[in-house]
Protein chains: 2
Amino acid sequence: MPRAHPARSVAPRRPAPRSSRERLFAAAATEFAARGFAGASVDRIARAARVNKAMIYYHFTSKAALYREILRDMFEAVSARVAGLSRSAIDPADKIRAFVEAIATEAEARPHFPPIWFREIADGGRHLDAQTTAHIAAIVKVLGGIVAEGVAAKRFRPVKPLFVHAGIVGPLLLYFASTEVRKRLEERGVAGADRLERREVVAHIQRVTLGTLEGFTS
Amino acid sequence: MPRAHPARSVAPRRPAPRSSRERLFAAAATEFAARGFAGASVDRIARAARVNKAMIYYHFTSKAALYREILRDMFEAVSARVAGLSRSAIDPADKIRAFVEAIATEAEARPHFPPIWFREIADGGRHLDAQTTAHIAAIVKVLGGIVAEGVAAKRFRPVKPLFVHAGIVGPLLLYFASTEVRKRLEERGVAGADRLERREVVAHIQRVTLGTLEGFTS
DNA sequence: GTCTATAAATAGATAGAC
DNA sequence: GTCTATCTATTTATAGAC
């Protein structure tokens, strides 16, 4: 997938995978999301992609390299989308809103994104190569830049960028990744747990983040 | 561990595990946190606990049952600690602060808690048995009760309990679980990423949550 | 690019002696 | 409670034909 679709700034609608490489990439993303790196099986990936197992090693050299490529694709996409914000002319509050929206959009375009990110954090980032780590750092830096811009314009109070980042990414990933768990909670009497909507979740996180930075009132 | 330490309301300092059962429980928690359920190996668990592998099946019947027991212990502890808040006489804002503190304390007492919870969410909650699911539901309901109490007293505005919950648990788990990843970000130029302190993180999340509920200003 | 066959290691789990 | 030995299935990965 990354070869076929490099950095792009518009909504990432990916076509049905054609080549065996693309089919393997898509099947692997699903398998890694569902079972984690250690739990994933190259046999299952190949079977799901309807491709011979040996093709995984032909196209990607190893299970680990395939997994690293999926990680790179995830953060490259977010980094590319978010980079445009730095140079944009809109005011800082709208940049915060756009940042939240960007994370949500990329997470939604890749159902494997939230679970894989959760698992990779739990793995201590063992599989993050230099390139991918740089992409993640760039994302946090963009957010830090927006906060600094708002502080300089006396619109925001100074808050550590990593705190702002955690306040956005934590709840957002939790929402996208927890669909199944929320269904179980609904069955156990947590009313409405299975009926959260993307729109209201994103709006809430935008409000809370701006409240933290501006001081609420509204 | 659950057998030896049932529900308790004070800081959970656990003694060095003595019995083979306790050593296996502790070693398994570490292994599942580091590698996930599918990636964990009963051989490694037994080796780390310096206990014969067959003892795992003697004490816990299966790898899955052992894992479920660890999950139960985690949420039983949080549920027990948080249950006291419902019946407490302090005002709603202090209850919110105590709720955040409770999650942080239990997460800190069990380094395996944040990674295992992230992984289990990614697994779709496949291993959550009825008892554990009930504990999690109870935790969310306690938070819902605190919010409702504040709304009735005209101190809080109505916010969906699951939104409040995600705003607390998302960032908090992210902080505890991301130590290694944050080290990597520090190396890549994200200043201070590896020097966040528990105290300031908890204080920030308390402020943000109360700001969301009360309307900030301060 | 695609396939079969297979190597070599490791997985979870159990039987049965002590 | 603890141990050794072992069964069976599955793991990642590669060699080599087409």
Side-chain angles (χ1 to χ4, degrees), chain A residues 1-4 15-71 112 116 119-120 122-123 126-127 129, chain B residues 1-4 15-71 112 116 119-120 122-123 126-127 129:
Chain A
M1 242 79 154
R3 298 283 153 81
R18 307 176 178 291
S19 69
S20 67
R21 190 181 205 280
E22 286 170 329
R23 294 228 300 281
L24 284 171
F25 187 95
T30 303
E31 171 78 1
F32 286 129
R35 310 213 184 215
F37 175 74
S41 143
V42 292
D43 266 295
R44 265 194 302 269
I45 291 170
R47 210 178 314 130
R50 280 162 301 130
V51 164
N52 191 282
K53 180 174 58 160
M55 295 302 286
I56 290 179
Y57 300 93
Y58 173 76
H59 283 302
F60 304 96
T61 82
S62 76
K63 177 186 173 181
L66 167 55
Y67 178 64
R68 281 196 299 270
E69 195 154 323
I70 290 168
L71 283 178
H112 60 273
I116 288 183
R119 291 189 197 270
E120 184 57 24
D123 269 358
R126 262 191 297 173
H127 306 90
D129 58 30
Chain B
M1 245 74 156
R3 299 283 153 82
R18 307 178 177 288
S19 69
S20 69
R21 189 180 205 282
E22 286 171 328
R23 293 228 301 281
L24 283 171
F25 187 95
T30 304
E31 171 78 2
F32 286 129
R35 310 211 185 216
F37 175 74
S41 143
V42 293
D43 268 293
R44 266 193 302 266
I45 291 170
R47 211 178 312 132
R50 281 162 302 130
V51 163
N52 190 280
K53 181 172 63 158
M55 295 301 286
I56 289 178
Y57 299 93
Y58 173 76
H59 283 302
F60 304 96
T61 81
S62 76
K63 176 186 175 183
L66 167 54
Y67 178 65
R68 282 195 299 269
E69 195 153 324
I70 291 168
L71 283 177
H112 59 273
I116 288 183
R119 291 189 196 270
E120 185 57 24
D123 268 358
R126 262 192 297 172
H127 307 89
D129 58 30

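So you know, we letter chains A, B, ... as the sequences are listed, proteins then strands, and number each from 1.
In this structure, A/Ala64 reaches neither bases nor backbone, as no heavy-atom distance under 4.0 Å exists between it and the strands shown. Within 4.0 Å of B/Ala40, counting heavy atoms only, lie sugar-phosphate atoms of the nucleic acid but no base atom.
At the phosphate of C/dT4, OP1 or OP2 sits under 4.0 Å from a side-chain N or O atom of A/Asn52.
Atoms NZ (A/Lys53) and P (D/dA15) sit 14 Å apart, rounded to a whole Å. For B/Met55 and D/dT4, the CE to P distance is 12 Å, given to the nearest whole Å. In this structure, B/Ile56 places its CD1 atom 9 Å from P of C/dG12, rounding to the nearest Å. Atom CD of A/Glu22 and atom C1' of C/dG1 are 15 Å apart (whole Å). Atom CZ in B/Arg18 sits about 15 Å away from atom P in D/dG1, given to the nearest Å. Across the protein-nucleic acid pair, B/Glu31 atom CD and C/dT10 atom P stand 14 Å apart, rounded to whole Å. Atom CZ in A/Phe60 sits about 14 Å away from atom P in D/dA13, given to the nearest Å. The nearest whole Å value for the distance from the CZ atom in A/Arg44 to the C1' atom in D/dA9 is 13 Å.
Comparing C/dA15, D/dT2, D/dA13 by their closest approach to the side chain of B/Ala54 singles out C/dA15. Among the nucleotides D/dA13, D/dT11, C/dA13, the one closest to the side chain of B/Lys63 is C/dA13. With D/dT11, C/dG12, D/dT2 as the choices, the nucleotide that has an atom nearest any side-chain atom of A/Ser41 turns out to be D/dT11. Distances were taken from every side-chain heavy atom of A/Asp43 (C-beta onward) to each of D/dA13, D/dT2, D/dT12; the shortest belongs to D/dT12.
Taking the nucleotide of DNA chain D with the nearest heavy atom to each of A/Tyr57 and B/Val51, the more 5' of the two is matched to B/Val51. The nearest heavy atom of DNA chain D to A/Arg47 and to B/Tyr58 marks one nucleotide each, and the one closer to the 5' end goes with B/Tyr58.
Using cut-offs of 30° and 60° for the angle between ring planes, the A/Tyr67 and A/His127 rings count as perpendicular.
Listed for the B/Glu120 side chain is no donor-acceptor partner under 3.5 Å among the backbone atoms of B/Ile116.
Taking each heavy atom of B/Tyr57 and B/Lys63 in turn, the nearest pair found is CE2-N, 4.5 Å. Here the closest non-hydrogen pair linking B/Ala46 and B/Asn52 is CB-C, 4.1 Å.
Residues passing the salt bridge (charged side-chain N to carboxylate O under 4.0 Å, His left out) test with B/Glu31 are B/Arg35, B/Arg44, sequence neighbours excluded.
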